[in-house]
Amino acid sequence: MSDELLNMNDDASFITPEIIRAMEGILMVAIEPVPGELLAQLFEVPVSIVEEMAAQLSAVYEEAGHGFQLVQVAGGYRFQSHPVVSAYVERFVLDGQRARLSAAALETLAIVAYKQPISRLQIASVRGVDPDAVLRTLHSRGYVEQRGHDDGPGQAVLWGTTQLFLEKLGINSLGELPPLAEFVPDASVVEALENTLRISPLDDAGSAPDQNL
Amino acid sequence: MSDELLNMNDDASFITPEIIRAMEGILMVAIEPVPGELLAQLFEVPVSIVEEMAAQLSAVYEEAGHGFQLVQVAGGYRFQSHPVVSAYVERFVLDGQRARLSAAALETLAIVAYKQPISRLQIASVRGVDPDAVLRTLHSRGYVEQRGHDDGPGQAVLWGTTQLFLEKLGINSLGELPPLAEFVPDASVVEALENTLRISPLDDAGSAPDQNL
Amino acid sequence: MSYDVSTAVFEGPFDLLLHLILREQVDIHEVSLSTIVDAYLTEIEKMQDLDLDIATEFLLIASTLVELKSRRLLPGKENIDLDEEFALWEERDLLLARLLECKTFKDVSLVFQQLAELADRAFPRTTGPDERFSELLPDLMEGVTPLKLHKAILKALAPKPEPHIDLFHVAPVRLSVSEAVSELMDSLADMKAITFRNLTRGHEARLEVVVRFLAILEIYKQGFIELSQDDRFGDIEIRWIGDEGFATANSFSIDDYEG
């Protein structure tokens with residue numbers, strides 16, 4: 001990477017309002033922290049530019065007194081709520097969350113556990129309804145996480161269960177779940193599941209960028 | 001609620017930098033649109049204040065040219081990426097290619113949206129074709145849901161649209177749909193249809209001669 | 001409205017008819033019913049693998065159109081049965097109303113499409129609270145055991161019962177051709193002669209009329225009746241020529257109608 005060679009003047013020429021906006025847009029929708037390298041790749045700029053932009057944005061938000069901040073955590077950049085409004089956010093978090101997994105959520109979680117890695121669409125085809133909202137909840141609780149992308153067109157995000165999930169169940173590995181072997185699902189389900197899944201290994205250099213890297 | 005009684009000065013006194021920041025912080029950690037009523041409750045202010053704050057924030061973001069927006073959709077407020085950076089965000093969200101709805105699906109959705117609750121047969125009579133397959137797709141995507149049964153003989157399942165449908169169209173409520181009356185075909189279309197399908201023999205006074213007969 | 005003539009796929013009969021009529025909207029007075037009818041019939045012929053339900057709807061509309069067209073060919077009104085005239089008006093108005101309604105929703109669905117396209121360009125934030133707040137979140141998995149999870153996936157994978165949609169009210173009369181044959185054999189043997197119009201009087205549903213027409217053809221094929229029609233579009237006379245005593249022996253074999 002040649003960005004060490006760039007001086008500040010050159011840097012500045014990379015930074016356009018367009019890329020700054022794009023960075024804000026991406027960080028706004030990212031579920032996990034986004035690595036600087038990934039942003040650099042997307043914008044075709046050196047990583048140092050991304051760092052510079054993040055620093056600028058961060059300062060702008062702070063100065064404007066927004067209730068959110070842009071921070072760098074392990075793994076990358078993300079938006080989060082500002083510590084000064086934590087009291088409100090805590091009230092909201094306590095308030096807005098339902099205390100039990102619904103039957104639908106439990107089914108979704110079970111499908112992810114047994115069939116991982118699995119895409120949202122594959123879950124939908126098994127359950128018959130879009131699991132989007134349920135996945136968001138499960139993810140926000142740390143029970144499921146993204147596991148790379150499907151190779152197919154669209155490169156759907158694949159989901160799997162987390163270490164926390166195992167801890168909550170009190171088991172050491174997925175192998176300890178009661179086996180499914182004897183169960184024969186009906187044809188449409190088989191088809192839905194077979195219509196799968198050549199997973200690109202996460203460490204595969206040059207493969208599609210992944211938010212989890 | 002007494003907010004109708006409030007004049008602008010009183011309104012303004014409710015709006016403090018603190019709750020504006022709090023609103024930003026809360027929306028940053030939400031996983032789905034947050035209803036204005038919930039925010040009003042948390043901040044102990046009338047809903048109208050929440051609406052006012054949302055409008056202000058929205059305008060501030062837009063004016064500052066940020067890559068994100070605050071919008072009201074499906075009955076609540078949420079942050080989203082700005083449409084102008086959609087090209088970048090789509091590249092980042094690899095499965096961001098949202099499933100497009102076919103013309104048939106859109107027509108069926110339109111009929112359900114305006115005439116809900118409505119049975120499959122009633123939809124069929126408008127479209128001239130059985131909407132069974134289309135309804136199943138819309139149901140599995142979560143855009144329509146069952147709304148009880150018809151009182152009549154056969155007790156047909158009645159269908160209605162969902163919150164997700166509102167999100168899909170980016171609107172806040174069904175009330176934001178354009179009035180159907182605006183889409184009643186104009187006179188020239190009616191005339192064309194009537195002329196073509198007229199019964200009167202050709203030698204009837206006044207009717208245009210039709211050379212092809 | 002832009003209708004793409006060359007690539008349009010007509011999903012329904014209204015779709016097609018609207019397209020055919022409105023394509024020529026440039027000068028509405030030039031729109032010719034005969035052109036429409038011909039084009040409509042051509043399109044239907046092209047639809048080889050049309051499923052039966054859709055085909056029926058197409059054919060019903062085609063027959064209405066043909067009837068309208070034939071009516072225009074008639075020189076005057078003198079010999080027109082008034083009932084028939086009313087029925088045709090009704091049929092036409094119904095068709096017109098349905099076309100207009102169909103067009104209304106077709107047009108409004110374009111707005112839906114625009115809204116959806118616009119909405120698709122913005123992506124929602126769904127990230128949720130960061131780890132600072134995680135201890136506040138109630139433990140959703142409390143009480144979930146491996147066994148419960150196993151039960152849940154069995155439930156998810158279990159064959160879903162096909163949603164049962166009661167078709168009872170779709171076509172209240174579900175008379176088969178062979179049933180109609182039996183019924184008509186009885187009454188024809190009694191009546192000796194009758195027009196098809198009179199025979200089907202009181203049967204309003206087109207399906208019922210169609211079924212009886214097929215039954216008549218079947219009975220004709222079996223040699224129990226004679227058919228005659230003096231004028232084009234005139235009444236079809238049915239005369240019983242079978243055995244007197246056959247009226248109750250209504251059980252000859254009937255060919256299946258495959259289409």
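Computed from heavy atoms alone, side chains included, the values below leave out hydrogens, waters and symmetry copies. Every value quoted in this text rests on a predicted model; they were computed, and no experiment measured them. In what follows, chains carry the letters A, B, and so on, assigned in the order in which the sequence lines appear, proteins first and then strands, with residues in each chain numbered from 1.
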Assert top hit (heavy-atom pairs under 4.5 Å, partner chain B, pool C/Cys102, C/Gly128, C/Ala97) equals C/Gly128

Should B/Arg127 and C/Asp15 be marked as a salt bridge (charged side-chain N to carboxylate O under 4.0 Å, His left out) after you check the CA-CA gap, both sets of side-chain angles, and the distance that decides it?
CA-CA 8 Å; B/Arg127 296 197 55 237; C/Asp15 237 15; 5.9 Å; no

Please determine, among [options], the option with the most heavy-atom pairs under 4.5 Å with chain C.
options	value
B/Ile111, B/Val184, B/Val73	B/Ile111
B/Glu167, B/Lys115, B/Glu182	B/Lys115
B/Gly170, B/Ala124, B/Pro33, B/Ser125	B/Ser125
B/Ser86, B/Ala110, B/Ala113	B/Ala110
B/Val85, B/Leu106, B/Ile26	B/Leu106
B/Leu169, B/Leu193, B/Ile171, B/Val84	B/Leu169

Chain B contact via C/Val111 - which portion, at a heavy-atom distance below 4.5 Å
side chain

Select one option (side chain, backbone, both, neither) describing which atoms of [X] are under 4.5 Å from chain C's heavy atoms.
X	answer
B/Leu101	neither
B/Thr108	neither
B/Leu177	side chain
B/Ala104	both
B/Tyr114	side chain

I'd like to know if C/Glu117 pairs up with B/Arg100 as an ion pair, taking the criterion as any Lys NZ or Arg NE/NH1/NH2 lying under 4.0 Å from an Asp or Glu carboxylate oxygen.
no

Answer yes or no: is there an ion pair linking B/Glu145 with B/Arg147, defined by an N-O contact shorter than 4.0 Å?
yes

Residues, nucleotides or ligands: over 12 heavy atoms within 6.0 Å of C/Phe196 CZ:
yes

With side-chain contact (heavy atoms from CB on, under 4.5 Å) as the test, would you mind laying out the steps for B/Phe68 and B/Ser81 before giving the verdict?
CA-CA 4 Å; B/Phe68 52 81; B/Ser81 62; 5.8 Å; no

B/His66 and B/Tyr61 aromatic ring geometry - parallel, tilted or perpendicular at 30°/60° bounds:
perpendicular

Counterpart residues, side-chain hydrogen bond (donor to acceptor under 3.5 Å, both in side chains), relative to B/Glu194 (two or more places apart):
none

Quick check: C/Phe105 with C/Phe14 (ring centres under 6.0 Å apart)?
no

Is there side-chain contact between B/Leu57 and B/Glu24, with heavy atoms separated by less than 4.5 Å?
yes

